[in-house]
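Numbered from 1 within each chain, the chains take letters A, B, ... in sequence-line order. Please read these numbers as outputs of a predicted model, since none were measured by experiment.
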Amino acid sequence: MKKIEAIIKPFKLEEVKDSLGEIGIEGMTVSEVKGFGRQKGHTEIYRGSEYTVDFLPKIKLELVVADGQAEGAVAAIVKSAKTGKIGDGKVFVSTIEQAVRIRTEEKGEAAV
Amino acid sequence: MKKIEAIIKPFKLEEVKDSLGEIGIEGMTVSEVKGFGRQKGHTEIYRGSEYTVDFLPKIKLELVVADGQAEGAVAAIVKSAKTGKIGDGKVFVSTIEQAVRIRTEEKGEAAV
Amino acid sequence: MKKIEAIIKPFKLEEVKDSLGEIGIEGMTVSEVKGFGRQKGHTEIYRGSEYTVDFLPKIKLELVVADGQAEGAVAAIVKSAKTGKIGDGKVFVSTIEQAVRIRTEEKGEAAV
Amino acid sequence: MKKFLALIGLLAVGSMVVTDLANAQATETPVAAVTAAAAEAAAEEAPKIDSGDTAWMITATALVLFMTLPGLALFYGGLVRAKNVLTVLVQCFALAGIVTVLWVVFGYSVAFSTEGMAKGTVNFASFFGDFTEMFLRGTTPDSVQGTIPKAVWITFQLTFAIITPALIVGAFAERMKFSAMLIFTLFWFAFSYLPICHMAWAGDGALFWDWGVLDFAGGTVVHINAGIAGLVACIMVGKRKGFGKEALSPHNVPMTIIGASMLWVGWFGFNAGSAAAANGTAGMALLVTQVATATAAATWMLLEWMRSGKPTAVGLATGAVAGLVAITPASGTAGPMGALIIGAASAVCCYFAATTVKRALGYDDSLDVFGVHGVGGIVGALLTGICASSALGGTPPDGYAMGGQFFTQLKSVIVTVIWSGVVATLGLMLAKVIVGLRVPEEVEHSGLDLSEHGEEGYHTAR
Amino acid sequence: MKKFLALIGLLAVGSMVVTDLANAQATETPVAAVTAAAAEAAAEEAPKIDSGDTAWMITATALVLFMTLPGLALFYGGLVRAKNVLTVLVQCFALAGIVTVLWVVFGYSVAFSTEGMAKGTVNFASFFGDFTEMFLRGTTPDSVQGTIPKAVWITFQLTFAIITPALIVGAFAERMKFSAMLIFTLFWFAFSYLPICHMAWAGDGALFWDWGVLDFAGGTVVHINAGIAGLVACIMVGKRKGFGKEALSPHNVPMTIIGASMLWVGWFGFNAGSAAAANGTAGMALLVTQVATATAAATWMLLEWMRSGKPTAVGLATGAVAGLVAITPASGTAGPMGALIIGAASAVCCYFAATTVKRALGYDDSLDVFGVHGVGGIVGALLTGICASSALGGTPPDGYAMGGQFFTQLKSVIVTVIWSGVVATLGLMLAKVIVGLRVPEEVEHSGLDLSEHGEEGYHTAR
Amino acid sequence: MKKFLALIGLLAVGSMVVTDLANAQATETPVAAVTAAAAEAAAEEAPKIDSGDTAWMITATALVLFMTLPGLALFYGGLVRAKNVLTVLVQCFALAGIVTVLWVVFGYSVAFSTEGMAKGTVNFASFFGDFTEMFLRGTTPDSVQGTIPKAVWITFQLTFAIITPALIVGAFAERMKFSAMLIFTLFWFAFSYLPICHMAWAGDGALFWDWGVLDFAGGTVVHINAGIAGLVACIMVGKRKGFGKEALSPHNVPMTIIGASMLWVGWFGFNAGSAAAANGTAGMALLVTQVATATAAATWMLLEWMRSGKPTAVGLATGAVAGLVAITPASGTAGPMGALIIGAASAVCCYFAATTVKRALGYDDSLDVFGVHGVGGIVGALLTGICASSALGGTPPDGYAMGGQFFTQLKSVIVTVIWSGVVATLGLMLAKVIVGLRVPEEVEHSGLDLSEHGEEGYHTAR
Ligand SMILES: Nc1ncnc2c1ncn2[C@@H]1O[C@H](COP(=O)(O)OP(=O)(O)O)[C@@H](O)[C@H]1O
Ligand SMILES: Nc1ncnc2c1ncn2[C@@H]1O[C@H](COP(=O)(O)OP(=O)(O)O)[C@@H](O)[C@H]1O
Ligand SMILES: Nc1ncnc2c1ncn2[C@@H]1O[C@H](COP(=O)(O)OP(=O)(O)O)[C@@H](O)[C@H]1O
C-alpha cells in the first residue's frame with residue numbers, strides 16, 4: 001500500500017476531496033498545518049512594528065491506498081489542487097507495510 | 001524501526017495510551033486531525049440551512065518503536081481503541097530508517 | 001528522497017528554521033502536536049483537584065529533502081533544537097518514493 | 001418535541017388547579033401587601049414615581065439580565081469541554097426566553113399576587129399567589145410599585161426568575177438532554193421558584209416574611225433553592241463518563257473569567273437593586289457586595305496558594321462567586337465588617353464543599369452549583385442573621401436579637417432545602433418518564449452540541 | 001487612501017451645499033421644535049435638569065454604545081470565518097470613531113436642527129436640518145434638552161447614528177474592501193441616516209413626525225434604513241466565493257451568543273432610553289422589550305425544533321435580535337400583550353426571510369441584515385400601528401385609529417425603503433468608481449484580515 | 001508565600017507609622033474638607049441624598065469596576081501569548097480582590113481622611129490621610145457624601161484604586177513572578193496611589209488641590225502614576241526572551257477588541273461619574289469622553305493607514321484607549337472642540353511613543369503602559385490646562401488663566417512622575433530581595449500560566 005501526503009491550499013480541500021471521491025477514494029485524514037516554502041509570507045503589524053510571518057496556513061491530507069490506486073490518486077489531487085500560483089503545495093508518496101481497520105481487525109488492502 | 005500511525009476516536013486516547021504503557025511503550029506524539037471515511041458525517045444547521053460536515057474529529061497517534069515491538073503495539077492499540085462501531089479508525093505501519101534523540105544525539109533504537 | 005520528521009520544543013522553531021535555511025533548505029511543513037515521553041507532564045489544578053497532564057505541547061516539523069541533504073538537515077536540526085534538557089525531542093528519517101510539486105507538476109527531487 | 005409541548009400544557013393546567021384551590025381557601029379580606037423591597041417607600045403617602053429610583057431600577061434590571069446573558073452562560077460555558085459549550089449557552093438563553101413568557105403568562109401573578117394573605121395567618125396564600133394578574137393584566141405605564149413604575153418592578157423580578165433555573169444547569173452539564181432539562185427546570189420553576197419567592201417576598205402573610213426572615217436579595221429564593229435542585233439533579237442524572245478518571249478540564253478559562261467578572265458587576269444590580277430605590281440601603285448594599293466578593297476571591301486564592309502553591313484563575317473566579325452568593329441575603333443589613341466575615345467564611349466553606357466534600361461523597365456536580373450556590377447560600381443565610389447585629393456594623397431590623405434571628409434564618413433554610421429537594425426530585429422523575437434524562441453514551445463522547453443542537457462551537461479552520 | 005480622503009472632503013462640501021439650499025428655502029419663522037422623545041417633558045414650564053432622568057439617560061447612552069462595541073461587533077464577528085473576524089471588528093470600531101467625529105462636525109446639526117420647520121408644512125426642512133449647530137456650537141454644560149443636559153441628548157442620539165451604519169456591514173461581510181465600505185457607509189450616513197432621522201424625530205414640521213408616525217426608538221430610522229441598505233449592498237457587491245456550495249460556517253458561536261446577549265441588554269438603553277426620561281413610559285418600554293425579545297427567541301427555537309429537530313444557538317440568538325428589532329418602534333406604545341404578538345410575529349417572518357426567501361432569491365446577505373433588520377423592522381413598524389391599540393393593552397396616542405395608524409406606518413416604511421435603497425445604490429456606485437467594491441479573489445480565499453488589516457485574529461501556537 | 005504574607009504585615013505596620021507621624025504633625029484645627037468632586041454639592045445646606053445622583057453613581061461604580069473586570073483583563077489578555085493569558089487575568093482579578101480589602105482596612109482612610117489639612121498649608125496631611133476611618137468605621141447606610149450615600153462614594157473611589165495597579169501589569173507581562181507582582185504593586189498602591197490620590201482629591205489643604213490643578217477624573221492619580229510605574233518596572237524586570245527578535249504577537253485580537261470596547265463604555269462611569277452627580281458637568285463629561293476617544297481611534301487608524309497601508313484592529317483599540325486616557329483629566333472642563341484636539345493629539349503622541357520612541361530606547365513595555373497611559377496621561381494633563389479655556393469651548397474654573405494653569409498642570413505632572421518613579425523603584429527592589437522579579441527561563445518558554453497558576457487557558461481538544 002502507498003501513503004500519499006499532500007500539502008494543499010486550505011480553500012482547495014473540498015475540491016480535492018470531491019475529485020478523490022470521483023475515483024472511488026473515500027478515506028482520508030486531514031490536518032491543519034503551517035507551510036514554509038517559496039511562497040513568501042506576509043507582513044503583520046502590531047502597534048506600528050511590522051514583522052514577517054513566514055508560515056502560511058495549509059491543509060495536509062493523508063491517505064493510504066492500494067498500490068494500484070496511488071497514481072490515480074496523485075493525479076486527482078494535483079489536478080484539483082492546482083491554481084498555478086506559487087504555494088500550491090506538494091504531494092509525497094511512500095510505502096506502508098501494514099494497515100489494520102480497528103473496528104474489524106481486517107488487515108492490508110482490505111483495511112484502507 | 002517501525003513507525004505506527006493510528007487514527008482513533010478522540011475519547012479513546014487515554015485508554016490507548018494506558019494500554020501502550022502496559023507493554024512498555026512510553027513515547028508518542030499525538031495530533032488533532034479530521035477524518036473522512038465510511039462513518040457518515042453529521043448535519044449542521046445554520047439559520048435554517050442544513051449542510052453536511054463530512055470531516056469528523058479524530059486523534060492521530062504516531063509512535064516509532066523497535067521492530068520487535070511493532071506487532072505488540074499494533075495489537076495493543078487495536079484492542080483498546082475498538083468500540084466495534086463504524087469510525088473506529090485505522091493503524092498504519094511503515095519503516096523508519098533512522099531515529100535521533102535530540103538531547104543526547106543517541107541514534108537508532110536507543111533513541112526511541 | 002528522504003522525509004525528516006522532527007519533534008521539537010515549540011520555542012525552538014525559529015532557531016531550527018533559521019539553521020535549516022543556512023544549509024539551503026527552505027521548504028517545510030509544521031504542525032502543533034502534543035508529546036508524551038520521558039519528560040514528565042505537569043499538574044493542573046481545577047477547583048482543588050489536581051490532575052496530571054501527560055501531553056506536552058511540541059512542534060512537528062516535516063521536510064522532504066534530496067537523499068544527499070538528509071544527513072546535513074538532521075544535523076542542523078539536532079544542533080539548533082538541543083537545550084540538553086529532557087523533552088528536547090526526536091528526529092525520524094524515512095524514505096519517500098515520489099514527490100510532486102502541484103503548481104508545476106515537476107516530479108522527484110525537482111519538486112522538493 | 002410533541003411530548004414536550006404536551007407537558008407545557010399540563011404544567012399550565014396544573015398550576016391553574018392549584019391556584020383555584022388557593023383562591024377557594026382565601027376567605028379573609030385581601031390585604032394590600034407590599035413587597036419587601038418596596039416596603040419603606042410605600043409607607044409614605046400617595047405612590048409617585050421617583051425618577052432617580054426608576055433610573056437605578058431600570059439599570060439594575062439590565063445588570064441582572066446581564067448576569068445570565070452573557071455572564072452566567074460564559075462562566076459555565078468556559079468550564080465545560082469544547083464539545084459541550086453550546087449546550088450550556090443554549091440552555092441559559094432558552095431559559096431566558098421561556099421563563100420570560102411564563103412570567104408574563106402566570107409567573108409574576110403566582111409569585112407576587114397577594115389575594116388571601118393576612119399578616120400572621122398561615123394559609124395556602126402564604127405559599128402561592130394566584131392568577132389574578134395573568135398576562136400582567138392591569139399593568140400600564142402609569143402603574144406604580146413603591147416609587148417606581150410597576151413595569152420596572154415586574155421586569156426586575158423577572159430577571160431573578162431567569163437566573164435561578166439557569167444556575168441549576170451547571171450541575172448536570174455535559175450529559176443531560178435538552179428536552180429533559182426544559183421539562184425539569186420549568187416544572188421546578190413553577191413549583192419551587194415561584195412559591196419560595198412568594199414565601200420570602202410577597203409581603204404580610206407570606207411564610208418567611210411573617211417569620212421575619214432576612215433575605216434581602218435572594219439567598220433562599222435564588223441560591224439555596226437552585227443549589228439544592230442542582231445537587232438532586234446531578235445525583236439523579238448520574239456522573240459524566242470519565243468523571244474521576246480523566247481530567248474533564250475547562251475548555252476556555254478566559255471565558256470563565258469574563259463570565260465571573262460579569263457576574264460580579266451585574267450582581268450590583270441584584271443586591272443594590274433589591275433596595276428598589278437609589279438610597280442609602282442600596283449604597284451600603286453596593287459596598288458590602290464589593291467587599292464580600294473581593295474578600296472571598298482573595299481568601300480562595302490564599303487557600304489554594306497554601307495548599308498547592310498555585311493560585312488559579314478558576315479558583316479566584318469561584319471564590320468571587322461564593323462571596324457574591326453569600327452576601328446576597330445579607331446585603332441589606334450587613335456592614336463592611338460583616339462583609340469581610342461573610343466573604344471569608346463563604347470562601348472557606350465553599351472551597352471545602354467543592355473539593356473535599358464533593359470528592360468524599362462522589363457526586364458529579366459538574367460546575368459546583370451545590371458547592372457554591374447551595375453551600376454559599378446557606379452560609380450566607382445563616383450569617384445574615386448574625387451580621388445584621390449592630391455590634392458588627394450591621395443595620396438590624398426592629399426587634400432584632402441575634403439568637404432568634406439565627407434560628408429564623410435556619411428555619412427558612414430548612415424549608416427551602418426540603419421544598420426544593422422534593423420538587424426537584426418530582427421534576428426529574430417526570431422528565432425521566434417523558435423523555436429520559438441522559439443523552440446516549442456515544443453522544444456524550446462526541447459532544448452534545450452536535451447531537452442536541454446541530455452545531456459546533458468553533459470552526460477554526462479557515 | 002488618497003482617493004478616500006478626497007472623498008471625505010467632497011462629502012462635507014456636498015452636505016453644505018444641500019444645507020444652504022435648505023436654509024434658503026426656510027422662509028417661515030423658525031419654530032422651536034422639540035424632539036419626539038423629549039416632547040412630554042418639554043410641555044412643562046422652564047427646562048430644568050432632573051437628576052433621575054439624567055442618570056438614566058447617561059446610562060442608556062452607555063448601553064447603546066455597548067450594543068455596537070462590543071455587542072454587534074461580536075455578534076457579527078463570531079458568524080464570519082476566522083480569517084475575516086477582524087474585518088468585522090475593525091469596521092464596527094472604525095465606524096464608531098468616524099461617525100462620532102462627523103456627528104460633532106455636522107451630523108447632529110443636520111439631523112436635529114429645526115430651522116425652517118413648521119407644523120404641517122412640507123419643505124426642505126422636513127427632510128434635512130442645517131448647519132447652525134456645526135461643531136456643536138453653543139452646547140455647554142448648562143444647555144438643557146427636556147429634563148436632561150443637552151450634551152447627554154446629543155451623545156445618546158450619536159450612539160444610534162453609530163450603530164445604524166455598523167449594522168449594514170453584516171450584509172457584505174467577508175468580501176468588501178475596507179475603503180469601499182467606508183466610502184459607502186459614510187455617504188449613506190450623510191444622505192440616508194441623517195435625513196430619515198430628521199424626518200422621524202426632529203419635531204413639528206418633520207415629515208414622519210407630522211404624519212403622526214409612531215417610531216419610538218427607530219424602526220424606520222435604524223432598522224429598515226439599515227436593512228434595505230444591506231440588501232442593496234450585498235446584491236451589488238455580489239456573493240461570497242463558495243456561497244451555496246460550501247458551508248460558510250460561523251467560526252465562533254459563543255462569540256455570537258455573547259454579542260447577542262449584549263445586544264439584548266444594551267437594547268434596554270435603546271428602547272427605554274428613547275423615553276428620554278426615567279418614567280412610566282421608559283418602564284413599560286423595558287418590560288415590552290424583554291417580553292418581545294424572549295418571545296421571539298423562544299418562537300425561533302420552536303420553529304427550528306419542529307423543522308429540524310434541533311434548536312440551535314445561532315437560531316436563538318437570531319430570534320432574540322429579530323424580536324428586539326421589531327419591538328423597537330413599538331416600545332413606547334405597546335403593552336405586554338402586544339409584545340408577545342410582535343415577538344412571535346417577528347420571529348416567524350424573519351425566520352422565513354432568512355431561510356426560505358433568501359434561498360429562493362439567491363442573494364448572499366452574509367449575516368442576514370435584511371432578513372432580520374429589514375424584515376423585522378418592517379414587521380415591527382406595521383404592528384406598532386396595531387399594537388398601540390388599547391384593546392391590545394397599548395397606550396395609543398391622541399386621535400388613534402387602528403386603520404389610519406397602520407396606513408401611516410406603511411407610508412413611512414415605503415418612504416424609508418425607497419430613500420435608503422436609492423442612497424445606498426448611489427453610495428455603492430461611488431465607492432465602486434473610486435476604489436472598487438470587492439477584494440481580489442486570492443484575498444477572499446486567504447482571508448481579508450491579513451490583506452486589509454495586516455493582522456490575524458488568532459495566534460494559538462504558543 | 002510565607003515571605004509574601006510577612007510582607008503584607010510589614011506594609012500595614014509601615015503605613016501606620018507613617019500616619020502616626022502625620023497625626024503628630026497635624027496641630028492645626030482639623031478642617032472639614034470635602035473632596036473635589038463633591039465640592040459643589042456640599043456647598044449647599046444640609047446634606048441630603050439625591051436619588052438621581054445616587055442612581056448614576058451606583059451605575060458609574062459598576063461601570064468602573066467593569067473597566068477592570070473584565071475590560072482591562074481582556075484588553076491585556078488578548079495581547080499576550082496564549083501561554084500567558086491567565087497570568088494577566090489572574091493578576092487583574094487578584095488585585096481587584098486584595099486592593100478592595102486594603103481599601104476597607106486602611107486605603108480609603110489614608111486617601112481621603114482630612115485630619116490636619118488646612119487650605120494653603122503644606123504639611124504632612126497634604127500628602128497622606130490618616131487612619132481615623134480604618135475599616136470604614138462610622139460609615140452607615142445613612143452617611144452622606146455630597147448628595148449621595150457615603151458608601152457609594154467609597155466604592156466608586158475604590159474602583160479607581162483597583163484599576164490603577166491593574167494597569168501597571170501590562171508593562172511587565174509575560175515574565176514577572178506573581179508573588180513579585182503582588183509585593184511590588186501593593187507597596188506601590190500604599191505609597192504612591194494613596195498619596196497621589198490624596199494630593200489631588202482630598203480637598204482643601206491637599207497639595208495639588210491647593211495648587212488648583214485640574215484633574216477631573218485621574219490623569220495624574222491614575223494614568224501618569226501607573227504609566228511611570230510601568231516604565232520603571234519593565235526596565236527593572238528586563239526584556240522578554242525573544243523581544244526584538246521574534247514576533248511576540250497577540251494571541252487573540254478579538255479578545256483585545258472586546259476589552260477595549262468595555263474600557264470605552266466603562267470609562268463613561270470613570271469620567272462622567274467623577275462629577276459625583278447626574279448633572280450638566282456629568283453630561284458634558286460623557287460627550288467629551290466619546291468625542292476624544294473616537295477622534296483618537298480615527299486618528300490612529302489614519303496614521304497607520306498612511307504609514308503602512310493597513311489600519312489594524314489593535315491600532316484602533318490602542319488609539320481609543322489613548323484618547324480615553326488623555327481626556328480623563330480634562331473631562332470636567334473641556335468642551336467638544338477641546339475633545340477633538342485632545343483626542344487627535346493623544347493619538348499622535350502615543351503612536352510615536354509606542355512605536356518610534358520605544359524602538360529607539362529599546363525597553364520592553366509589553367503592552368505599552370507607559371506609551372499609552374504615561375504619555376497619554378501627560379499629554380492630557382497638560383492639554384487640560386489649555387482646553388479649559390472658554391475660547392476652546394471649555395468651562396474654566398474661577399480665576400483661570402491659560403499660562404498659569406498650564407504651569408500648574410505641569411507641576412503636578414512632574415511631582416507625580418518623580419513620586420511614582422521613586423516608589424516604584426523601591427517597591428521593585430523590595431520584591432527582588434524577597435522573591436526575585438522574574439520567572440526562570442524555562443518557565444518563560446513554556447508559559448507562566450502552568451508554572452505560576454497550574455492551569456492552561458485553553459483545552460481545545462474535545
Ligand atoms: N521540502 C518540503 N518538505 C515538506 N513540505 C514542503 C517542502 N517544500 C514545500 N513544502 C510545503 O509545500 C508548501 C508550498 O511550497 P512552496 O515552495 O511555497 O510553493 P510551491 O509548492 O508552489 O513550490 C509549503 O508551504 C510547505 O508546506
Ligand atoms: N484510506 C485512508 N487513509 C487514511 N486515513 C483513513 C483512510 N480511511 C479511513 N481513514 C481514517 O480512519 C477514520 C475511520 O474510517 P471509517 O472509514 O470512517 O471507519 P472504519 O475505520 O470503522 O472503517 C477516518 O475518519 C479517517 O480519519
Ligand atoms: N517513540 C516515540 N515515537 C514518537 N514520538 C516520540 C517517541 N518518543 C518520544 N517522542 C516525542 O518526543 C518528545 C520528547 O521525548 P521525551 O522522551 O520526553 O524526551 P527526550 O526527547 O529528551 O528523550 C515526546 O514529547 C514525544 O513527542
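Your options are E:Asn252, E:Leu316, E:Asp50, and the one with the most heavy-atom pairs under 4.5 Å with chain D is E:Leu316. Your options are D:Val101, D:Thr59, D:Leu69, and the one with the most heavy-atom pairs under 4.5 Å with chain E is D:Leu69. Ranking E:Glu304, E:Met57, E:Met255, E:Lys310 against chain D, the residue ahead of the rest is E:Lys310, based on heavy-atom pairs under 4.5 Å. When each of E:Gly259, E:Ala296, E:Gly280 is scored by its heavy-atom pairs under 4.5 Å with chain D, the top score falls to E:Gly280. Ranked by heavy-atom pairs shorter than 4.5 Å toward chain D, the options E:Gly393, E:Ala272, E:Pro250, E:Ala298 are led by E:Pro250. The candidate from D:Ile148, D:Asp142, D:Leu89 with the greatest count of non-hydrogen atom pairs under 4.5 Å with chain E is D:Leu89. Comparing D:Gly97, D:Ser51, D:Ala55, D:Cys92 by how many heavy-atom pairs each has under 4.5 Å with chain E, the most go to D:Ser51. If you tally non-hydrogen atom pairs under 4.5 Å between each of E:Pro311, E:Gly266, E:Gly78, E:Ala297 and chain D, the highest count goes to E:Pro311. Each of E:Thr256, E:Thr54, E:Ile257 has some count of heavy-atom pairs under 4.5 Å with chain D, and the biggest count is that of E:Ile257.
Residues of residues 335-342 of chain E lying under 4.5 angstrom from chain D, judged on non-hydrogen atoms, are E:Pro336, E:Met337, E:Leu340 by number.
Rounding to the nearest 0.5 Å gives a distance of 11.0 Å between CG of E:Leu287 and CD1 of D:Ile58. Considering CZ of E:Phe268 and OG1 of D:Thr155, their distance stands at 7.0 Å, rounded to 0.5 Å. Atom CH2 in E:Trp267 sits 14.0 Å away from atom CG in D:Leu65 (nearest 0.5 Å). Rounding to the nearest 0.5 Å gives a distance of 5.5 Å between CZ of D:Phe93 and CH2 of E:Trp264.
The shortest non-hydrogen separation linking D:Pro141 to E:Met284 is N-CE, 3.7 Å. Across D:Ala96 and E:Ala294, no two heavy atoms sit closer than the pair O-CB, 4.0 Å. Shown here for E:Met301 and D:Leu182, the closest heavy-atom pair between the two residues is CE-CD1, 4.2 Å. Here the shortest heavy-atom pairing between D:Val152 and E:Leu286 reads CA-CD2, 4.0 Å.
Contacts between D:Ser451 and chain E at a heavy-atom distance below 4.5 Å involve the backbone alone (N, CA, C, O). For a residue to count as touching a neighbouring chain, one of its non-hydrogen atoms must lie under 4.5 Å from one of that chain's; by this rule D:Met262 touches chain E with the side chain only. Looking at E:Thr312, the atoms closer than 4.5 Å to chain D (heavy atoms on both sides) sit in the backbone and in the side chain alike. For a residue to count as touching a neighbouring chain, one of its non-hydrogen atoms must lie under 4.5 Å from one of that chain's; by this rule E:Val314 touches chain D with backbone and side chain alike. Heavy-atom distances place the side chain of D:Glu455, and not its backbone, under 4.5 Å from chain E. Neither the backbone nor the side chain of D:Thr159 comes within contact range of chain E, judged by heavy atoms closer than 4.5 Å. Looking at D:Ile162, only its side chain comes within 4.5 Å of chain E, counting heavy atoms on both sides. Within the 4.5 angstrom heavy-atom criterion, no atom of D:Leu63 approaches chain E. With a 4.5 Å cut-off on non-hydrogen atoms, D:Ala62 touches chain E through its backbone and its side chain both. In this structure, the portion of D:Pro149 lying under 4.5 Å from any heavy atom of chain E is its side chain and not its backbone.
Between E:Ile258 and D:Leu74, the closest side-chain pair of non-hydrogen atoms falls below 4.5 Å.
In this structure, E:Phe66 and D:Phe66 have perpendicular ring planes: the angle between them is above 60°, well past the 30° mark.
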